[in-house]
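Notes for the one structure printed next.
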Amino acid sequence: MSDLVAPLAPAAERVTAGLSAAQREAVLHGQGPLLIIAGAGTGKTTVLTRRIAHLITSRLARPEQILALTFTDKAALEMAERVDQLIPYGYAETWIATFHAFGDKVLRDHALDAGLDPGFRVLTQPEQVIFLRERLWRLPLSRYRPPGDPTRHLQALVGFVSRAKDEDVGPAELRACADARAARAGSPEERDDAEALLELAAFYESYQSLLAEASCLDFGDQIHRALRLLRERPAVLARLRERFPFVLVDEFQDTNHSQLELLRLLAEGGTSLTVVGDDDQAIYRWRGAASGNLIAFRELFPDAKQVVLVENHRSTQEILDCAGRLVAYNNPYRLEVVAGIDKRLVSQRGPGEPPRHRHFDSVSAESDAVAAEIEALLSRGHRPRDVAVLVRSNADADPFLRALNVRGIPHRFSGSRGLYAREEVRLLVAFLRLLAAPDDSVSAFYLAASELYRVPPPELLRLNRFASRKTRPLLEVFRALPDEAELAAVGGAAREAVARLLRDLDAAAAEMASKRTGEVLYLFLQGSGLLAKLAAESSAEAEARVKNIARFFQVVRGYGDVAVHDRVPDFVAHLELLRDAGDDPAVAEADPDEDAVQVLTVHKAKGLEFAAVFLVGAAEGKFPVQRRRAPLELPEELVKSRLAGAGADAELMEERRLFYVAMTRAKESLLLTSAADYGTARPRKVSRFVVEALDLPSPSPALRRSQAREALERERPAAEPPALPPAPLPADAPLSLSFRQVDDYRTCPLKYKYVHRLRVPLPVHHRVVYGNAVHHALQAMFKARLEGRPFAAEDLVAAFRAAWVSEGFLSRAHEEERRATGERNLRRFFDEDAAAPLQPTGVEEEFAFFLGATKVQGRYDLVVQDAEGVAIVDFKTGTVRTQKEADQRAKDSLQLDLYALAHERLRGALPARVELRFVESGRVGSRRPEPEQVREAERVVEEVARALRARDFTARPSYRACAPCAFHDICPHTAWHSE
DNA sequence: AAGGAGATTTTTTTT
DNA sequence: AAATCTCCTT
C-alpha cells in the first residue's frame with residue numbers, strides 16, 4: 001500500500017470534481033448500506049464509478065476488496081474504463097463484472113465444494129434443449145402440454161427451470177408446493193393441476209441429475225448454484241465476505257431473487273453494500289427481475305442511508321415532464337408513493353421543445369416521414385450518431401431501415417438475432433450442407449446462385465429444371481454438365497462457374513473425413529477466394545461480413561469443443577438441431593465508431609442517450625405489446641420477487657416503464673409516431689402511452705385502412721445500409737492494446753486488421769497448439785507451487801496432455817512426435833527446476849496501465865522475488881542454439897520492456913530483471929531493464945495507438961513480414977510467393 | 001347494455 | 001393457447 005500513497009493524493013480531489021451536492025453525498029457516504037435512488041440521466045454510472053474511486057483513494061478500501069456488479073458485459077466494461085480513467089493505479093485488481101461472471105468465478109474457484117466437476121460447461125438454452133432431446137427417451141409431463149412439437153415442449157421445460165432458479169426455487173420446494181396444492185384441492189381440476197405440478201417437480205429433479213452426470217450447468221444457473229454453495233459451506237461464505245468487504249451494484253432494480261439473496265448473504269457478514277437503481281426503469285421482469293427491489297432493500301436494511309438523485313443532466317424539462325406524467329400512471333405502486341419520496345427529475349438544460357406526436361395512415365408513411373425528419377436534422381448539422389430510432393420489437397425496425405436506406409442515410413440496426421439469416425453465413429451453411437448431403441439441391445442452388453459463383457440465373461434455372469425433370473440431384477446435373485448433350489446450350493460463363501464450384505466442393509470433400517469442421521470450412525474460405533475478396537474490400541459492409549463469418553466460426557468451434565466426433569456431417573446435424581431449438585446468435589456489432597443513425601430496441605437503448613429520439617410504432621398492440629403467457633408458469637406462491645403491482649397490471653406497468661425508458665433517452669428532441677396500418681387486418685389505435693405522456697384530450701379514433709399500395713410497399717426487400725469508411729478516432733478515444741497487438745501492428749498494419757479487427761478465422765497452427773500446451777502445463781505447476789500444493793513431474797505432463805488439441809498437425813506421426821518432444825522437454829524442465837526451484841510471487845498475473853487514453857494490458861507468465869529484487873519471467877518455446885542468441889533475444893524484446901514499463905507504472909519502480917526462459921533448451925536470456933529502452937517502448941506503443949486511432953491499415957509488405965504471415969495467400973499486398 | 005360469436009394478435013434477451 | 005377486440009344479436 002505505502003507505495004501508492006503519493007500518486008493517489010491528487011486523484012482524491014478529482015473524484016468529486018464537477019458533481020452536484022446530492023451526487024457528492026452519494027459518492028462520499030461511508031461504509032454502511034447505501035441506497036442511491038437515481039432517476040434517468042442523473043449520472044448513475046458516474047456516481048458508482050466515482051464511489052469506487054473514492055473508496056480506493058481515501059483508502060477506505062484496497063482495490064482488490066471491491067466487487068462491482070452489473071448485468072451486461074458492456075456495462076461492466078464501461079464502468080471499468082471509467083474507473084481506470086479516474087485512478088490508473090492498481091485498479092486491475094478491482095472486480096468489476098456481471099453477476100453471471102461473478103457466479104461463474106465463485107463456482108469455478110470452489111467447484112469441488114459445490115459438488116461440481118471443475119471442468120464444468122455452461123449450456124445455453126438451445127443447447128439445453130438438445131441435451132434433453134438426446135437423453136429423454138420419452139418426453140416427461142403428460143398433463144402440461146405446451147402447443148407444438150417436442151422441441152417446443154422441451155423449450156417450455158427449460159424456460160420453466162430457468163425461471164425457477166431466478167426465484168431460488170429448487171425441486172424440493174416445487175414438490176412441497178405441489179403437495180400443498182393437492183392437499184387443499186377441492187375440484188377435480190385442482191387435483192389435476194396439483195398432479196401436473198408434481199410431474200414438473202419430478203422432471204426438474206431428474207434434469208438436475210442429468211446435468212450433474214454430464215458435468216454441465218444450465219446458463220443462468222451460476223448465481224443460483226453459487227448461492228446454494230454459500231448456504232451449504234459457511235467457510236466459503238466467510239472467505240468471500242472477507243475477500244469483498246465492499247460490494248456495489250448497478251441497475252439494482254433489475255436483480256432477481258437469487259441475486260438479491262446472494263447480496264443479502266454477503267451483507268450479513270458486514271459487507272458494505274451500495275446499490276444504485278430506479279424503480280421506473282425496471283424492464284426485465286421476464287427474466288426474473290423484481291420491480292420492487294428498491295423497497296425490498298429498504299426493508300432489508302432499515303438503517304441504510306438513502307440518497308435521491310433528481311438533477312437530470314441529459315434531457316430538457318419538457319421531455320422529462322412528459323415522461324414523468326406517463327410513468328405517474330403506475331401510481332400508487334411506484335417508489336415515490338410507497339416510500340413517500342419525491343424523485344421528479346429537474347433538468348439542468350432548460351425547458352426545450354415539447355415532445356411531439358404524429359399519426360399516419362400506414363407504416364410506410366410513418367417510416368418515410370421519420371426518415372425525412374432525420375434527413376432534415378442532418379442537414380441542420382446533427383451527426384447521424386446523435387439520432388436514434390427506437391422500436392419495441394426487433395421486427396418493427398424493418399420499414400424504418402428501408403426508409404433510411406432509400407434516402408441514403410447511414411444507419412445501423414443492432415438487433416439481437418439474425419446471424420443465420422446473413423447472406424455470408426447462409427453461404428457457408430449451404431456449403432457445409434451440400435458437403436454433408438450431396439443430394440441437397442436447395443443448398444446446391446443457393447451456392448451456385450451466390451455472389452461467390454454467380455451462375456447466370458437463366459442458366460441455373462435451366463439446369464434446375466433439367467434436374468427436376470430427370471429427378472436427379474442438382475449437384476449430379478452440375479457434374480454431368482460437360483457431357484450432357486441436352487444441356488449443350490448452357491453458356492461458357494455458367495460452365496466455368498459450375499466447374500469452380502465443383503472444384504471447391506471436391507477439394508473440401510477430400511479433407512472431410514480427416515479434418516474437423518472448422519478446418520474444412522477454413523480451407524473452403526481460402527480455396528474459394530471468398531476471404532481474399534472480402535479482406536481486399538475496405539468498406540464497413542465487407543468488414544461486417546468478415547466479422548459475421550468469424551461469429552459463425554465461434555459456433556463451429558463451440559461444437560468442436562464438446563463433440564466426440566467433430567466432422568462436417570455431424571456438425572450439420574447439430575446445427576439443424578440448434579436452430580430448431582431456437583438458436584439464432586446476434587449479427588456482429590458494426591463498428592461502434594461508425595457515424596450512423598442508430599436503430600435499436602428500447603431494451604438495447606437502455607443506458608444510452610441521443611440528441612434526437614424517434615420512438616416509432618407507438619400503437620396499441622405494438623407498444624404496449626400484447627403479451628403471450630409463458631407456456632409453463634411458476635406457481636404464484638413460489639414467486640418471491642416483489643413485483644410492484646399485481647396481475648395484468650404488472651405487465652402493463654412494465655410496458656409503461658419501458659416507454660418511459662425510451663422517452664428519457666432523448667436529450668433535445670423527441671418524436672412519437674404511430675400508424676393505423678401495420679399490415680394487420682385491423683387498424684391500430686394510437687398507443688395509450690402517447691395519450692398519457694402528451695396529455696392528449698382523448699384517444700384518437702381508428703383511422704381507415706390504406707390501399708393495396710401499402711401491401712406492395714411491405715414486400716419490398718430490405719436493402720443493406722450504404723457502406724461507409726470508418727471515421728478516424730479522436731486522440732482521447734479509449735483504446736486497449738496488448739503486446740501482441742502492438743507487435744502485429746508493427747509487423748504490418750494490415751495483418752493487425754486481419755487478426756485483431758476483423759478476427760479472420762485462422763486454422764490453428766501446430767506451433768500454437770504446442771506453445772499453448774506448454775504454457776498451460778507450466779502455469780499449472782507454478783500455480784500449485786504458489787498455493788503450496790504438491791506437484792509431481794507426472795502432474796506437469798498430465799496438464800500438458802490436457803491442454804493439447806489435435807489440430808493443425810501434418811500427420812498423426814507428426815502430432816505424436818511433437819507431443820513426445822513436449823513431454824520430454826517438460827520433464828527435463830521439471831528436473832532442472834527441482835535443482836534450484838523458482839519461487840514465484842505471481843503466476844499469470846494480469847496487468848493494465850494507461851498511456852494517455854490508451855490502456856495497455858497483458859499478463860506476466862511469472863513474477864519472481866529473490867535477493868536481487870523482482871524479476872519478470874516470460875516462457876518461450878522456440879529454439880535458441882546459443883547463450884548469445886538467448887541474450888540477444890532478451891535484449892531486443894519489446895515485450896520485456898513493456899512488462900518492465902507495466903511494473904514501473906503499477907509498482908512505482910522498474911523490476912530488477914526481465915527474463916526470457918526458453919523451455920526447450922533451458923537457456924535463460926536475462927537482463928536489467930534500461931530506463932531509456934523502456935521509454936522507447938512507451939514511445940512505440942504511443943505511436944501504434946496514434947496510427948490505430950487514425951485508422952491506418954496500410955499494408956507494409958516485406959519478405960520478413962509476409963513469409964511467416966498466416967494471411968500471405970489471401971493478402972492482395974503480399975511480397976512473398978509460395979510457388 | 002350485455003353478452004356471445006368469431007376474428008385477430010401475440011416481445012424483450014445475459015455468456 | 002389465451003387475451004382482447006369488433007361485430008352482431010337480443
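Every chain is numbered from 1, with letters handed out A, B, ... down the list of sequences.
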Rounded off to whole Å, could you give me the [atom1]-to-[atom2] distance for the [X] and [N] pair?
| X | N | atom1 | atom2 | answer |
| --- | --- | --- | --- | --- |
| A:E620 | C:dT6 | CD | P | 10 Å |
| A:R163 | B:dT12 | CZ | P | 19 Å |
| A:E654 | B:dT13 | CD | P | 13 Å |
| A:L600 | B:dT12 | CG | C1' | 14 Å |
| A:E651 | C:dT4 | CD | C1' | 13 Å |
| A:F99 | B:dT15 | CZ | P | 13 Å |
| A:L217 | B:dT14 | CG | P | 19 Å |
| A:K604 | B:dT13 | NZ | P | 6 Å |

Phosphate contact ([N] OP1 or OP2) by [X] side-chain N/O below 4.0 Å:
| X | N | answer |
| --- | --- | --- |
| A:N394 | B:dT11 | no |
| A:T680 | B:dT9 | yes |
| A:R684 | B:dT10 | yes |
| A:T601 | B:dT13 | yes |

Considering only NZ, NE, NH1 and NH2 on the basic side and carboxylate oxygens on the acidic side, decide whether [X] and [Y] come within less than 4.0 Å.
| X | Y | result |
| --- | --- | --- |
| A:D193 | A:R181 | no |
| A:E167 | A:R163 | yes |
| A:K606 | A:D254 | yes |
| A:D278 | A:K44 | no |

task = Identify, with sequence neighbours excluded, every residue that meets side chain to side chain contact (heavy atoms under 4.5 Å, CB included) alongside A:V625.
result = A:R392, A:S393, A:R627, A:E655

Residues 67-78 of chain A side chain polar contacts: donor-acceptor under 3.5 Å, at least two apart:
| residue | atom | partner | partner atom | Å |
| --- | --- | --- | --- | --- |
| A:T70 | OG1 | A:T72 | O | 3.2 |
| A:T72 | OG1 | A:A75 | N | 3.1 |
| A:E78 | OE2 | A:R82 | NH1 | 3.3 |

Kindly give the atom pairs (protein nitrogen or oxygen, nucleotide nitrogen or oxygen) under 3.5 Å for nucleotides 3-6 of chain B.
none

key: Under 3.5 Å donor-acceptor pair, A:Q626 side-chain atoms to B:dT10 base atoms   = no

note = Of the candidates C:dT6, B:dT12, B:dT14, the side chain of A:K685 sits closest to C:dT6

ask   = Can the positive tip of A:R108 be found less than 6.0 Å from the middle of the six-membered ring of A:F120, inside 45° of the ring normal?
value = yes

